[in-house]
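Before any comments, here is the structure.
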Amino acid sequence: MIALLLRDLRLATRAGGGFGLSLAFFLIVTVLVPFGVGPEGGTLARIAPGILWVGALLASLLSLDRIFALDHEDGSLDILVTAPIPLEGAVLVKAAAHWLVTGLPLTLAAPVLAVLLHLPGPGFFWMTVSLALGTPALSVIGTFGAALTVGLKRGGLLLSLLVLPLYIPTLIFGADCARRGAEGLTAGTPLLMLAGITLGALAILPFAAAAAIRANLR
Amino acid sequence: MSIWEYANPKKFMQTSAWVLPWVTGLAFVTLVLGLTWGFFFTGDDYRQGSTVKIIFIHVPAALMAINAWLMMLVCSLIWLIRRHHVSALAAKAAAPVGVTMTLIALFTGAIWGQPMWGTWWAWDPRLTSFLILFLFYLGYIALWEAIEDPDTAADLTSVLCLVGSVFALLSRYAVNFWNQGLHQGASLSLAPGERMAMTFKLPLYVAMTGFVLLFVALVLIRTRTEIRARRLRALEARGRMG
Amino acid sequence: MARMLELTDISVARGGVPVLQGVTCALGAGQALILTGPNGVGKTTLLRAVAGLQPVLAGQMTRPSEGVAYAAHADALKPTLSVAENLSFWAEIFGTRDIAPALSAMGLEGLRHRAAQNLSAGQKRRLGLARLLVTGRKLWLLDEPTVSLDAAAVALFGAVIRAHLTDGGAALMASHIDIGLSEASTLDLSLFRAAPGGTDAFDEAFA
Amino acid sequence: MVELGKYAGTVLGAYGVALGLILGLVWLTLWQGKRMRRRLEATERELGIDG
């Protein structure tokens, strides 16, 4: 299983692996917002947590259809399914690889970009914490969506339509936690809910994704 | 559980053939009765004036939107466990009806709230959760359309329905939490039977029954169409191979 | 002679429509069987069913559990990874540690560090076969193994299969062209084409 | 006729939208049903199978 993780990380960091893709997208989205909303610090500060969260969410959505599509095209997926490793475990590893390639860099980049949006002081800590807890859920939910649409011709668009509604709870609690942190309020409850959703997703979705892959390969 | 076990579509077609006229007739009668009773013969609410009449459309549609998804959930489970093809087709048939009911609930809810909230759309937790339910319906229907092989489509949509239900519930709770944060939205208590005069409750129940019967009638018709489509596909495939 | 694979009265479907019916055959250790027949008769579908990627409509199938290695048209190779990286990944997945014997059997030691994208079709196919060796599994399922290969590569392929057979393995191959493996028995699947009237049980109830 | 007061527009609007959507759905369902039945019968006649 670790071999699968290492291989995926190696593939992502190799040329054309798309490692910096999501990060660059996140940067662009965050830079674009002030042009749309106006440079006035007050408004920016108020919407900064929301913008960063929506940006992170869209950035992780971007690289979802690559998770299984490449393996499906070159036949590796067929062999992985018939290999002695549990498919549910392989799916979890794929989600972890996606998180390491997109979720983690986003979490680390968010505070840096928050400066552009005048995020108030305490917000930096809570922003990072909420992203650190929320992005794994984005990855595993996204992996489930990718499993549903593996092998479909125009799967990319369908993938976002399927996955975005599933992202809503994580987005609400994540952004709320960051916003309360930024305003100095107690951000405990949304943080707990966010962590709960992530753990729940990590527990259930690999099984659903594995079932979807088996159905798709049939 | 042998994978090719099937609920007998022929039996379903026969039984639904004689049930259908009765259900559609009853649906028509109860709907007309409920709506006219509610529209013409109930007084105005002292606070909301005549807008309270919208309750006879909004509440039944909202309930039907949720029940339709629950019905699809049950059908998906039956498909995943017992491989009854008819239940998978029934789930596919129920989705468009459910999405229409959600749209009705959204429009009538927004219009109803307009005089009080002053805007055509307020992010009231209840209305927003119907908007989210609408997105889930869209994803479900889109997934059915995206896959050719009917059995794979049934498998995938069933899995999506299961996972979607969990997240729809989560969203319902999250939206309540999220809205408290923004502004104290006027929570319009739509739950029927709450301190409502009998004159309102009776027509409401009739209207609700009407909507349920309408739902059943439409799903029966649409399932029969799906079964015929499946039969057509089988015959065409046989024609190609012959 | 160990009974490696036994199919009795198997029928398989593609896209919900049965394509093959009543397929019966057996494969012992050291034997090779080539499934022939025109394209679309259901060779790949049957192979995928034996590999466990697809359910069987009817009939019994006995095969060694954890003993089947499947190789489809695509060689499951990552172009940006080197030969050694590709092989060691699959070795790790299938639990064998050492890739050296597979490399030497396929004559790929020299290309150890070359990225898979820079290999010729023949070399890629040899890497695909090396992957099969690395799985350490006895029953090989090969889909059109010799397509787009030149004569030398086909000869090498034959030698590898013979080595695998003498080593007590078995091979079930699907091919619409001659593989040049004289001792392999063949099975023409067009004899088992599902009768046109025979829609699967579900559609049967419809039709 | 019942007296709707100043919210007449709102109430009629809501009922109008709702009934419009319901009628649209009913019409779509019936139309798809008829079309499918026609295509099925045509294919059945073609293949000479009784329905």
Side-chain angles (χ1 to χ4, degrees), chain A residues 1-21 63 66-94 96-98 101 147 150-153 209-218, chain C residues 12-16 44-45 47-57 63 65-82 84-97 99 115-117 124 127-128 131-132 134-137 139-144:
Chain A
M1 213 82 83
I2 305 301
L4 185 58
L5 182 65
L6 294 178
R7 183 200 70 157
D8 274 4
L9 292 180
R10 203 175 290 137
L11 278 174
T13 46
R14 279 279 158 84
F19 174 72
L21 203 64
S63 54
R66 290 168 58 91
I67 293 178
F68 292 117
L70 298 176
D71 283 338
H72 182 64
E73 275 142 31
D74 64 29
S76 314
L77 199 56
D78 287 348
I79 300 165
L80 275 177
V81 167
T82 53
I85 53 167
L87 188 53
E88 289 75 8
V91 165
L92 203 57
V93 161
K94 285 273 178 187
H98 177 266
V101 169
V150 73
L152 295 184
K153 287 177 293 306
I213 290 178
R214 287 197 189 91
N216 254 321
L217 290 184
R218 218 197 312 277
Chain C
V12 282
R14 182 177 49 222
T44 305
T45 317
L47 266 185
R48 287 176 70 87
V50 173
L53 286 166
Q54 189 173 323
V56 167
L57 269 187
R63 53 176 180 196
S65 68
E66 299 293 334
V68 174
Y70 173 71
H73 302 295
D75 298 328
L77 303 174
K78 292 296 177 188
T80 51
L81 289 182
S82 75
E85 280 164 344
N86 266 309
L87 261 186
S88 47
F89 163 67
W90 286 114
E92 199 89 20
I93 292 283
F94 282 89
T96 52
R97 283 287 160 267
I99 62 171
Q117 58 200 2
K124 274 201 180 105
L127 184 53
R131 182 190 65 75
L132 276 175
V134 153
T135 60
R137 291 194 163 183
L139 175 57
W140 284 4
L141 305 177
L142 304 163
D143 200 347
E144 303 292 352

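Below, chain A is the first sequence line, B the second, and so on; all start at residue 1.
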Okay, C:Arg131 and chain A: the region with an atom under 4.5 Å from a heavy atom over there is side chain
Where the side chain of C:Arg48 meets the backbone of A:Leu217, is there a donor-acceptor pair that is under 3.5 Å apart? yes
Pairwise side-chain contact, C:Trp90 with A:Ile79, heavy-atom cut-off 4.5 Å (strictly under): yes
Shortest non-hydrogen pair, C:Ala76 vs A:Gly75, comes out as CB-C, 4.1 Å
Taking C-beta and beyond as the side chain, do C:Val68 and A:Thr82 meet within less than 4.5 Å on heavy atoms? no
C:Leu81 vs A:Arg7 side-chain heavy atoms within contact, under 4.5 Å: yes
Can you sort out the partners of C:Lys78 under salt bridge (charged side-chain N to carboxylate O under 4.0 Å, His left out), two or more places apart, ordered by chain and number? A:Asp71, A:Asp74
Run C:Phe89 and A:Leu6 through side-chain contact (heavy atoms from CB on, under 4.5 Å) and show every step you take. CA-CA 9 Å; C:Phe89 163 67; A:Leu6 294 178; over 6 Å; no
Option that, when pairs with chain A are counted at under 4.5 Å, heavy atom only, ranks first among C:Arg14, C:Arg137, C:Glu92: C:Arg137
Check whether C:Asn86 gets within reach of chain A through its side chain, its backbone, both or neither, counting any heavy atom under 4.5 Å. neither
Is there any residue in residues 86-93 of chain A with a non-hydrogen atom under 4.5 Å from a non-hydrogen atom of chain C, and which ones are they? none
Between A:Arg14 (side chain) and C:Thr80 (backbone), is there a donor-acceptor pair under 3.5 Å? yes
